[in-house]
Every structure is written in C-alpha cells, then in structure tokens.
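One structure below.
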Amino acid sequence: MAHADSDIPNFRYSSALAQDIELRWQHYWDSHGSFEAPNPAGPLGDRAAVAGRERMFVLDMFPYPSGAGLHVGHPLGFIGTDVFSRYKRMAGYNVCYTMGFDAFGLPAEQYAVQTGQHPAITTAANIANMRRQLARLGLSHDKRRSIETTDPQYYRWTQWIFLQIFNSWYDTSANNGVGSARPIAELISAFEDGSRATPDGRAWSSLSKGEQRSVVDDHRLAYVSEAPVNWCPGLGTVVANEEVTADGRSERGNFPVFKRNMRQWMMRITAYADRLIDDLELLDWTDAIKTMQRNWIGRSEGARVRFASAAGDIEVFTTRPDTLFGATFMVLAPEHPFVALLTTADQADAVAEYQSVAKAKKDIDRQDATREKTGVFTGSFATNPVNGQQIPVWIADYVLMGYGTGAIMAVPCGDHRDFEFARQFGLSIPAIQQPPASWFAERNIAESLDTSTWPEAFVGDAVYVQSANADGLELNGLSSVTEGKRLANEWLQARDRGHGTVNFRLRDWLFSRQRYWGEPFPIVYDELGPIGLPDSSLPVLLPETESFSPRTFDANDEFSNPESPLDRLDWWTDIDIDLGEGTRSYHRDTNVMPNWAGSCWYELRYLDPTNTDVLVDKEVEQYWMGPQGDGHPGGVDLYVGGVEHAVLHLLYSRFWHKVLFDLGHVSSKEPFHRLFNQGMILAAAFKDERDVYVDAASVQEAGGQFTFEGKPVTREWGKMGKSLKNAVSPDEMYEAYGADTLRLYEMSTGPMDASRPWETRDVVGMHRFLQRIWRNLVDEETGELRLGAAADIDTVRLLHRTINDVRADMDDLHFNTAIAKMIELNNALTKLGACPHDLAESLVLMIAPLCPHIAEELWSKLGHTDSLTNTPFPVADPALLVSENTELPVQVNGKFRSRIVVPTDATDDQVRAAALADDKVIAALAGATPKKIIVVPGRTVNIVA
RNA sequence: GCCCGAGUGGCGGAAUGGCAGACGCGGAGGACUCAAAAUCCUUUGUUGGCAACAACGUGUGGGUUCGAGUCCCACCUCGGGCACCA
C-alpha cells in the first residue's frame with residue numbers, strides 16, 4: 001500500500017488500504033469468535049449469555065458448490081442477510097447466522113464424470129474455493145455451525161430422518177381429523193389387538209408373515225411402489241415430477257423424460273396435502289410463492305361418481321357433480337385398464353391404433369390445449385346414474401391417466417374441452433343451465449337453450465334446467481352451484497353411486513435415484529421386502545469406489561432400464577447382520593436419495609451441529625425456532641433465497657418438518673416463518689452476428705453502439721453466468737475497490753427483492769462515499785483522526801432523523817434507502833468541515849452493518865479497543881426529530897405556488913393566516929376569495945378559490 | 001387461456017394520498033496537474049426565457065379527491081407462474 005511514487009495521500013481510502021483493513025479485521029473476527037451465538041443448552045450452550053436476549057435466526061438458502069466459482073450475482077442475498085444479522089446483533093438480539101453447503105447431487109456428479117475426478121475430491125475443492133471467496137466478503141457467520149450435506153456426521157441424520165419417515169404412517173383420524181404421522185409400531189399394535197381392521201377384514205393373526213409385512217408397508221410414509229415415474233435415460237436415473245420441466249425434459253441436463261412404470265421409493269407427501277395448503281396461512285411469505293405452492297398442490301373439491309358398464313363400474317372424478325344430467329358421454333384415458341374390456345370387436349382396430357399413436361406421443365404433445373380434439377369410440381356404453389341413460393364410452397388423449405381416475409364424465413354444455421369434443425364427433429349437447437341474458441349478448445347470439453347456436457360451453461352459476469329425475473334429485477330452478485353440488489353429492493352417497501371428495505394434483509414424491517453421489521438408503525431387503533436398519537448402524541457410509549459413473553443411455557432410449565452404480569459393488573451390497581432373527585444375509589438398497597434430501601432439514605442442524613445424540617436438542621430447537629406466541633407456527637425468523645425453489649425445496653422441507661413435528665422431534669410446525677425472495681443480478685450479454693455470445697468484459701461502447709473486436713454486437717440482459725459470458729468475479733471487485741465497496745454497491749442498487757442489472761462503472765460511487773466518510777474523520781496525510789468541536793443544532797437534528805430513518809429501513813430490509821440517508825448525512829458533515837466525536841461514532845455505528853471492515857477500523861481509531869459487533873446501534877432522541885419551525889408548501893387550487901415557514905406547533909388557523917399573507921399566494925389568488933382552505937398538519941396547505 | 005407482479009429522467013432507483021425524480025452512475029462546466037488518472041467543487045427532467053419565472057411531465061384513456069406516481073375501472077407493454085387437472 002505504498003504510494004511513495006504518486007501524489008496520492010498515504011492514508012487515502014484506496015483499494016489497497018481497504019484490502020489491508022479488511023483482511024486485518026477478518027482475522028480479528030475469526031480469532032475472537034466474534035459472531036459465535038450461544039445456545040441455551042448442549043455443546044454450544046451458554047445459558048447466561050442467552051439470558052435476556054431475544055433470538056433471531058437468519059438463514060440463507062445454502063449454496064451448491066459448483067466448479068465455476070462465484071460471480072458477483074451470487075452473494076446478493078448473503079450480503080443482505082449479513083447486513084441484517086449485524087444490525088440485529090447491534091440491536092441486542094442473539095443472532096444465529098451461518099452457512100453450509102448442499103453438496104450431494106447431480107451437478108457435482110456430472111462434473112465428476114466429465115473430469116474423471118471422484119466427486120468427493122471435486123466437491124471438497126469447490127467448497128474450499130467457495131469458502132475462500134465468501135470469507136473475503138466478511139460475512140458474520142458462526143463458523144462452528146457450518147455443515148456439509150456430504151459429511152457422514154451430517155447425512156447420518158438425513159438417514160435417521162428417512163428411517164423416522166419409513167417407520168411412520170399417517171393416521172387421518174388423529175388430531176381432530178387434521179391427521180398426524182404416528183410411529184408404525186402403533187399401527188401394528190392396533191392391528192394386533194383388533195382395534196383397527198385389516199384391509200380385507202381378516203384377523204391379523206390369520207395373515208401370513210408376508211401378508212402382514214405387506215399391509216404394514218402399504219401404510220408407511222416412505223414406501224416402495226410400482227408406479228408411473230419419470231425415467232430419464234440421458235441421466236440414467238428417475239427424477240421427481242418437480243424436476244421435470246413443462247416441456248417434458250429434465251431440469252438438470254435438459255434430457256427427454258419418459259413415463260414408465262418402475263419400482264421406486266416414494267414419499268407420501270400427498271398425506272400432507274391439506275396441511276401444506278392450509279398452513280400457508282400461518283406464514284409470512286409473499287402471495288406469489290404461496291400461490292405457486294397452492295397451484296402445485298392443486299386441491300380441487302368434487303365427487304367420485306360410478307357409472308355402471310359391462311366392465312364394471314367406471315369411476316370418474318368431477319368438480320361438478322351438479323352437472324350429471326348433462327353428461328352425455330364418457331372419456332377414458334387411452335391407457336385406462338377398462339379400455340381392453342370395453343372395446344367391441346368392430347372398434348378393436350381403431351382403438352388399438354389410437355392407443356399406439358397416443359403412446360408414441362410425449363406428454364407435452366398431449367397437453368397442448370390448442371390441438372384439435374381426437375378420440376375413438378370403444379363401442380360400449382355406460383349408465384348415467386342420475387337418469388339411467390346409456391351413454392357412449394370413448395377414449396381420448398386429452399384425458400390423462402395420471403390425474404383423478406383417468407376417466408371423466410363429459411358434460412359438453414358446461415366444459416370447454418367436452419364441448420369441443422362433442423362438436424368434433426357430433427355427440428349430443430343438452431343444456432342443463434340457463435345462461436344469463438348477458439352471456440348471450442356478449443356472444444352476439446339470441447337467447448336459446450338450443451346449444452347448436454352456442455359458440456362455446458357455458459361455465460358458471462346459473463339456473464338449472466332439465467336437471468331432475470324421478471328418484472328425488474331435483475335441481476331445476478336452483479341457481480347456486482354450491483347448493484347444486486351439495487344436493488348431487490347427497491343423492492349419490494345415499495344411493496352408493498358416489499361421494500364428495502377432494503382431489504389433488506400433487507403426486508407422491510419419487511425419492512430414489514440411480515446415481516452414486518447421494519445418501520445411501522439405510523435399508524436392506526430380505527425375501528419379503530425392505531427392512532429399516534437400526535439407528536445404531538448409522539451412518540450407512542457411501543461406499544468408496546472409482547466406478548462412480550452412472551450407466552446412462554441414449555437420451556431417447558425410452559425402454560432402457562436404470563442401473564445403480566452401487567449395485568455393482570457386491571462387497572457392499574451383500575451384508576450379514578443380526579436384525580433380530582440371528583445373523584443372516586441381506587441385500588442393501590442400492591438407490592441413493594435425491595439432491596433435496598440434505599436440504600430438507602439443514603436449518604435444524606445449524607442449531608446443534610455437533611450433537612451426537614439427537615439431530616437437534618429439543619431445548620435448542622425450541623429456543624431458536626419455537627413458536628412466538630399464539631398462532632405463530634415457529635420457524636426461521638428470516639429465510640432469504642431465490643424464487644426458483646418455490647415448489648421444490650420449499651415444499652419438500654415443509655413436508656419433512658411436519659413429519660418431525662408430528663413425531664415430537666421439533667416444536668415448530670413450519671420450518672420457515674418468514675421467507676424473503678431476493679432478486680437476481682442481471683448483466684448485459686452481447687451476441688455477435690452469428691448469434692454467439694462474446695466476452696462481455698471486452699465489449700466497447702461508443703455513442704450507444706456496442707462493438708467486440710471492432711465488429712458490432714447486440715446487447716441483451718440476462719442472468720449473470722458462464723453461459724452468457726458476462727460473469728464478473730468478486731475477486732476483481734476486491735482488487736479494484738475492496739469488499740466493503742462491493743457490499744455497499746450491491747445493497748445500494750435497489751430494494752432486496754428486485755432484480756437489477758450489474759454496472760461495473762457504477763461501483764465507484766460507493767467507493768467515493770467510503771472515501772468521503774474516511775476523509776471526514778481521518779487526515780489523509782497522517783492517518784490520524786481529525787475531529788471538530790460540537791455540531792450546530794441543525795446537524796444534530798439531521799443526525800437524529802437519519803438514525804430514526806436508518807433503523808426503520810434496516811428493519812424492513814430497505815438497505816438502499818438507508819444508504820442514501822447516510823450519504824446525505826455524510827455530505828452534510830463534509831460541508832461542516834469538521835465532524836464532532838460523538839457524531840462520528842454514531843455515523844460509524846450506522847454504517848457498520850453494511851461495510852463492517854471500515855467501520856471497525858474507524859471505531860478503533862475513535863479509541864475503542866474491541867469490535868463493535870455487539871455495540872448498541874444508535875437510538876434517535878425523539879425531542880430532536882422535530883424542530884421549532886416547519887416549512888409548508890402552499891397549493892392554490894391544487895397547484896403548488898409557494899412555501900411558508902410556520903412554528904411547528906402552530907394551530908390550523910395560524911397556518912391559514914400565514915398562507916393567505918404570503919405574497920405569491922396573494923398573486924396566485926389574483927383577488928379571488930378562498931372558498932375553502934385545507935390544512936394538512938405538517939404537510940401542506942391547499943387554498944381552493 | 002387462467003393467476004400473480006411491474007411500467008417514474010440517458011441508466012439503477014426514491015417518494016405514510018400532500019413540493020415527483022432522494023441517493024448513486026453518466027453528462028456539462030470548473031479546481032488541482034506540464035499533462036493525464038485519481039480526487040474535489042458547481043450544475044444537470046423536458047420545453048421556452050438572459051433571468052425571475054412559466055408551461056409540460058410517473059405506459060394509455062377515463063374516474064374518485066381540495067390534492068393521484070400512489071386509490072378505482074378499462075386498455076397496452078414487459079416479466080413470472082400454471083395450463084386439455086375433469
């Protein structure tokens with residue numbers, strides 16, 4: 001940091017000085033454990049240090065350690081949570097704030113396969129690099145609490161939670177009908193003592209051992225089943241519904257995904273569907289995310305109705321049982337098992353052909369709503385239960401096997417799809433509701449119940465017509481759909497033709513992957529099925545092997561079969577162990593858990609990372625995450641992360657947390673009480689004439705035109721990253737300005753929840769601000785403090801207004817406006833020429849959460865010997881927030897014409913008089929008599945003439 | 001198609017229904033310098049005017065109000081989510 005050869009003062013706040021200060025203070029914080037937060041009990045316990053302090057659990061969505069390293073877009077949220085954590089510490093809170101790494105999963109494994117390096121090695125190297133880059137930002141993490149999901153001491157508990165889920169069932173009658181997970185042992189006892197009937201009604205003791213096992217396994221919250229799953233040959237594994245994009249490809253790698261029946265592990269998340277929707281009410285999340293979760297879970301109320309047919313009852317799900325009188329045909333999904341039974345000989349060829357065409361289509365093609373309706377008649381009929389009518393049964397690919405029952409009753413007059421289908425194939429469309437006159441008027445047609453004149457189906461509340469039978473169901477004249485549904489459901493239920501029910505879009509969670517880099521299942525098999533290993537055998541270590549590459553296939557080879565890498569390891573898969581029947585051989589489960597497993601519960605482990613007895617001590621969990629008063633669900637006080645996890649991580653982790661809550665392991669109903677979605681940092685990306693991205697850093701701008709190596713390029717805005725060649729490394733910013741400037745810049749460019757473009761040339765503004773603060777307090781030539789005498793009253797008032805505003809902004813995560821106000825204060829100090837000591841201290845404490853290194857350095861220059869980490873944040877004196885006189889703008893007829901200065905405590909009449917006496921007001925009135933004068937105290941005066 | 005957001009200077013953005021454009025970048029002018037960089041000072045919504053000042057101005061069109069960027073209605077554009085879900 002020698003400036004001997006230049007004329008820059010030796011103690012100017014330059015990038016070199018900033019780096020010197022930053023590294024020194026980072027070392028100080030590390031060596032003093034400045035950010036270690038005490039627990040109320042356990043290994044990190046310090047009861048005395050906890051006493052009398054409110055808790056604050058601040059959490060970032062932990063990062064995935066990729067090989068590419070960080071760019072300046074990554075730490076936006078981390079800086080925000082750090083500023084907030086530091087502010088809350090100074091406001092007296094006990095703050096739990098740390099960071100771990102989500103390190104199992106496909107990206108690390110794909111990278112390992114590409115490089116030939118074992119994923120354990122590349123993952124460790126990536127984590128080390130990421131820790132280094134993050135450390136340089138000066139984040140105030142409690143480093144004792146950091147975890148890595150790949151650490152056996154961590155995934156031991158991931159496996160333990162899996163076993164808890166495996167060893168539980170969902171008792172829908174528990175907790176006043178809300179339902180609750182309960183230990184599977186309680187289910188077995190209930191079967192044994194007869195208090196719960198077996199599925200087929202036989203006595204439990206008369207079931208064979210295999211039958212008993214199978215009955216119990218069918219109830220588990222984690223279970224193996226043969227079901228349609230998403231098979232991704234390009235990845236060599238199955239993936240969850242949530243990991244398949246809208247166009248039928250894998251979110252990772254963008255490979256085609258095929259629906260195939262396979263035996264896989266599932267998690268019974270659907271048991272929690274209602275609670276996952278209902279408890280959203282308890283959360284401080286944005287409506288956008290809540291809506292996304294509600295849509296994903298997709299709750300719809302309706303009824304199951306059975307239509308008699310030659311193949312037996314065809315069960316359908318409908319949200320409109322009140323429209324049964326309008327059901328004039330049925331449609332089965334082409335894959336429906338009844339199709340074979342219902343198809344008549346003369347329709348056999350047409351049906352077979354349609355089925356094979358449908359099968360060849362990907363889901364994405366079948367789900368294109370704009371496509372013309374296609375379908376084939378099976379040749380058979382079914383009986384409409386409300387009127388005995390024989391209605392034709394068709395198959396069509398707009399009915400999906402995966403939703404509801406894979407069969408629908410078609411009500412063409414009241415459903416757009418059924419209407420189109422009926423028109424297409426000339427099926428009858430009787431009206432069962434009288435649409436209002438406005439409906440006809442909007443469509444420019446005459447009012448008529450002759451649907452051949454209708455351009456489309458009518459959907460909504462309207463009077464029912466032609467909706468009655470001789471058997472007591474009478475809807476005619478009713479106009480309430482709610483009431484119609486209720487009557488229809490009652491009628492169906494009474495005659496055992498159906499019942500009201502709730503259907504969900506949410507499917508059970510496909511939990512197994514045929515890959516290497518994940519948590520092994522703590523499961524072995526005997527000839528009857530899966531057996532959970534005892535807790536004492538945890539962790540089940542991921543076996544060491546150089547043969548970690550998954551067997552992948554041609555991405556389009558739909559009929560290939562997954563092969564787990566672990567399956568190749570005979571020495572590992574075959575195990576001799578005593579599970580209560582004496583030592584014998586078992587075969588291990590060779591799947592691994594999905595990426596999401598480790599992130600489903602990591603916030604709990606942060607609380608008690610070294611506990612070897614339980615995943616988290618109950619008292620510790622209660623302290624950091626327990627409910628805060630009536631109706632509060634408990635959970636992390638502030639969770640910050642990107643919106644991209646709206647339905648994956650955030651749904652899965654809520655589910656796991658609720659299971660742990662039901663089983664009594666945690667006191668919080670929900671893991672994340674307040675969720676905040678930070679925006680993304682966008683950056684300009686440039687394409688040349690071949691549409692290829694060019695290195696954004698080398699693009700020149702002149703007069704609004706962009707060129708790369710002399711050739712014109714076009715600009716677009718996108719997410720910062722390698723693929724757009726527009727990444728800016730934080731290392732460059734540390735070098736040019738230091739970490740405090742980078743932190744301040746990122747916080748100043750906009751509100752936390754907004755995405756904003758990165759502009760390297762703008763960063764200097766925040767560097768100049770820090771230079772000016774420094775220069776106001778420190779002599780640039782000598783490095784000594786240069787402070788002045790007491791400030792005038794206006795400056796003191798400005799200080800207290802600033803303190804007041806900054807506190808409010810910090811509490812609301814409005815860091816950009818907090819910064820603006822501190823810049824204003826500092827600019828006022830610059831004009832003052834010299835800063836008094838007490839004012840300097842207040843300013844330094846206020847900037848400390850945002851730019852902690854320079855603040856610590858100035859704090860120590862101000863004569864303090866220890867860190868300001870826990871020094872109280874300045875408090876405004878209410879008496880100094882008001883001044884004697886107030887300037888008020890005066891409007892005449894709504895236009896601002898003048899300003900008057902009045903005593904702050906002036907009465908409305910005094911303000912009125914002052915306004916009317918003002919020269920400009922008199923001129924604006926031009927002799928007119930005021931009709932009305934509105935005084936808004938402290939704000940404005942409006943004279944209406 | 002349905003459901004959410006958001007449209008403010010050249011740019012990022014600020015504004016409990018009460019002086020639109022805080023703060024920063026950029027631009028213009030100046031100081032320092034042999035010069036440049038860095039730094040500092042002044043200025044900067046648009047139009048007209050030497051100026052005081054005036055008119056206009058928050059996507060478009062209406063409305064509510066003493067007063068609207070802010071509230072209501074309709075529309076346009078952009079971003080996001082869901083989508084033949086029965």
Side-chain angles (χ1 to χ4, degrees), chain A residues 3 6-9 12 14 246 286-296 298-300 302 316-320 323 331 333 366-371 373 396-400 402-411 414-418 420-421 503-506 643-644 646-647 704 744-745 748-751 753-769 771-772 775 780 814 816-824 826-827 830-831 887-899 920 930-945:
Chain A
H3 302 298
S6 74
D7 48 8
I8 294 173
R12 169 158 296 172
S14 63
T286 61
D287 286 336
I289 299 278
K290 287 186 184 183
T291 304
M292 279 192 236
Q293 291 223 341
R294 282 193 199 101
N295 287 345
W296 187 263
R299 181 189 156 98
S300 48
V316 303
F317 173 74
T318 175
T319 53
R320 295 292 302 274
T323 62
V331 186
R366 285 182 56 167
Q367 288 174 12
D368 178 6
T370 59
R371 210 165 53 81
K373 293 280 177 292
D397 63 6
Y398 79 92
V399 175
L400 307 173
Y403 184 79
T405 62
I408 63 158
M409 64 179 213
V411 182
D415 181 282
H416 294 297
R417 293 152 299 174
D418 299 345
E420 273 177 48
F421 192 85
N503 198 58
F504 293 96
R505 200 188 88 105
L506 182 71
V643 72
E644 66 272 18
V647 288
L744 209 49
Y745 170 71
S748 73
T749 50
D753 51 357
S755 291
R756 68 299 287 274
W758 173 269
E759 284 285 6
T760 299
R761 75 176 184 191
D762 290 359
V763 180
V764 70
M766 290 301 118
H767 192 63
R768 286 183 193 141
F769 168 47
Q771 280 187 334
R772 287 199 297 271
R775 189 157 43 231
E780 290 192 317
H814 293 168
N816 54 331
T817 51
I819 292 167
K821 281 155 194 162
M822 289 189 281
I823 291 174
E824 285 186 81
N826 188 56
N827 287 349
T830 306
K831 290 203 176 69
E887 191 185 67
L888 291 181
V890 183
Q891 302 173 60
V892 176
N893 289 329
K895 275 187 176 292
F896 289 95
R897 293 297 178 182
S898 186
R899 295 185 200 107
K920 286 181 186 165
K931 293 193 189 98
K932 194 167 155 192
I933 302 176
I934 293 147
V935 177
V936 186
R939 285 289 180 187
T940 188
V941 181
N942 192 4
I943 301 168
V944 186

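Scope of the values below: all heavy atoms of this structure, side chains included, with no hydrogens, waters or symmetry mates. The sequence lines fix the lettering, A, B, ..., with proteins before strands; numbering per chain opens at 1.
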Only pairs under 3.5 Å count here: list side-chain donor-acceptor contacts from residues 935-945 of chain A, not counting sequence neighbours, and write none if there are none.
residue, atom, partner, partner atom, Å
T940(A), OG1, P889(A), O, 3.1
T940(A), OG1, Q891(A), NE2, 3.4
N942(A), OD1, G894(A), N, 3.2

Query raised in the report: Side chain of Y745(A), backbone of E759(A): donor and acceptor closer than 3.5 Å?
Result: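 Present.
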Query raised in the report: Is the backbone of P751(A) close enough, under 3.5 Å, to the side chain of R756(A) for a donor and an acceptor to pair up by distance?
Result: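 Judged by distance alone, yes, a pair lies under 3.5 Å.
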With rounding to the closest Å, how many angstrom separate the [atom1] atoms on [N] and [M]?
{"N": "G12(B)", "M": "C4(B)", "atom1": "P", "value": "27 Å"}
{"N": "C56(B)", "M": "C3(B)", "atom1": "C1'", "value": "38 Å"}
{"N": "C25(B)", "M": "G18(B)", "atom1": "P", "value": "29 Å"}
{"N": "A52(B)", "M": "U46(B)", "atom1": "P", "value": "15 Å"}
{"N": "A35(B)", "M": "A54(B)", "atom1": "C1'", "value": "45 Å"}
{"N": "G45(B)", "M": "C78(B)", "atom1": "C1'", "value": "24 Å"}
{"N": "U70(B)", "M": "C19(B)", "atom1": "C1'", "value": "16 Å"}
{"N": "A14(B)", "M": "G79(B)", "atom1": "C1'", "value": "22 Å"}

Between [N] atom [atom2] and [X] atom [atom1], what is the distance in whole Å?
{"X": "E759(A)", "N": "G12(B)", "atom1": "CD", "atom2": "C1'", "value": "8 Å"}
{"X": "H767(A)", "N": "A37(B)", "atom1": "NE2", "atom2": "C1'", "value": "14 Å"}
{"X": "F769(A)", "N": "U39(B)", "atom1": "CZ", "atom2": "P", "value": "15 Å"}
{"X": "R299(A)", "N": "C3(B)", "atom1": "CZ", "atom2": "C1'", "value": "19 Å"}
{"X": "M292(A)", "N": "C3(B)", "atom1": "CE", "atom2": "P", "value": "16 Å"}
{"X": "I943(A)", "N": "G67(B)", "atom1": "CD1", "atom2": "P", "value": "15 Å"}
{"X": "L744(A)", "N": "G13(B)", "atom1": "CG", "atom2": "C1'", "value": "15 Å"}
{"X": "D418(A)", "N": "A86(B)", "atom1": "CG", "atom2": "C1'", "value": "7 Å"}

Is any side-chain heavy atom of [X] closer than 4.5 Å to a side-chain heavy atom of [Y]?
{"X": "I823(A)", "Y": "M766(A)", "result": "yes"}
{"X": "R12(A)", "Y": "Q771(A)", "result": "yes"}
{"X": "I408(A)", "Y": "R417(A)", "result": "no"}

Of all the nucleotides listed ([options]), which has the minimum atom distance to the side chain of [X]?
{"X": "R939(A)", "options": "U16(B), C19(B), C84(B)", "result": "U16(B)"}
{"X": "R12(A)", "options": "U39(B), G81(B), C82(B)", "result": "U39(B)"}
{"X": "P757(A)", "options": "G12(B), C66(B), A38(B)", "result": "G12(B)"}
{"X": "R897(A)", "options": "C3(B), A55(B), G13(B)", "result": "A55(B)"}
{"X": "T749(A)", "options": "A86(B), C19(B), G12(B)", "result": "G12(B)"}
{"X": "K895(A)", "options": "G18(B), C56(B), C82(B)", "result": "C56(B)"}

For a quick check of understanding: with a heavy-atom distance under 4.0 Å over all strands, which category does [X] fall into, base, sugar-phosphate or nothing?
{"X": "S755(A)", "value": "sugar-phosphate"}
{"X": "R775(A)", "value": "sugar-phosphate"}
{"X": "D415(A)", "value": "nothing"}
{"X": "Q771(A)", "value": "sugar-phosphate"}
{"X": "V936(A)", "value": "base"}

**Report entry** Set of side-chain contact (heavy atoms from CB on, under 4.5 Å) partners for R505(A), sequence neighbours left out
**Finding:**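 W296(A), Y403(A).
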**Report entry** 5' priority, RNA chain B, between D287(A) and T405(A) [closest heavy atom]
**Finding:**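 With T405(A) and D287(A) compared, the 5'-side residue is D287(A).
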Report task. Would you kindly compare N942(A) and R756(A) by the position of their nearest RNA chain B nucleotide and give the one closer to the 5′ end? Result ->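 The residue mapped nearer the 5' terminus is R756(A).
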Query - G9(B), syn or anti by chi within 90 degrees of zero - result: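 G9(B): syn glycosidic orientation.
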Could you tell me the Watson-Crick or G-U partner of [N], where both distances fall under 3.5 Å? Say none if there is no partner.
{"N": "G48(B)", "result": "C53(B)"}
{"N": "G67(B)", "result": "none"}
{"N": "A28(B)", "result": "U42(B)"}
{"N": "A6(B)", "result": "U77(B)"}
{"N": "G12(B)", "result": "C23(B)"}

Requested in this report: Measure the OG-CZ distance between S748(A) and F769(A) for me, rounded to the nearest 0.5 Å.
Outcome: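 With rounding to 0.5 Å, OG (S748(A)) is 10.0 Å from CZ (F769(A)).
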Query raised in the report: Could you state the interatomic distance from CG (L506(A)) to CD (Q293(A)), rounded to the nearest 0.5 Å?
Result: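 Spacing of CG (L506(A)) from CD (Q293(A)) equals 10.0 Å.
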Quick test: give all pairs of protein nitrogen or oxygen and nucleotides 20-26 of chain B nitrogen or oxygen below 3.5 Å, distance rounded to 0.1 Å.
residue, atom, partner, partner atom, Å
A22(B), O2', E824(A), OE2, 3.1
C25(B), OP1, R768(A), NH1, 2.6
C25(B), O2', D762(A), OD1, 2.2

Query raised in the report: Can you list the steps and then say if N827(A) with R772(A) is a side-chain contact (heavy atoms from CB on, under 4.5 Å)?
Result: CA-CA 8 Å; N827(A) 287 349; R772(A) 287 199 297 271; 3.6 Å; yes
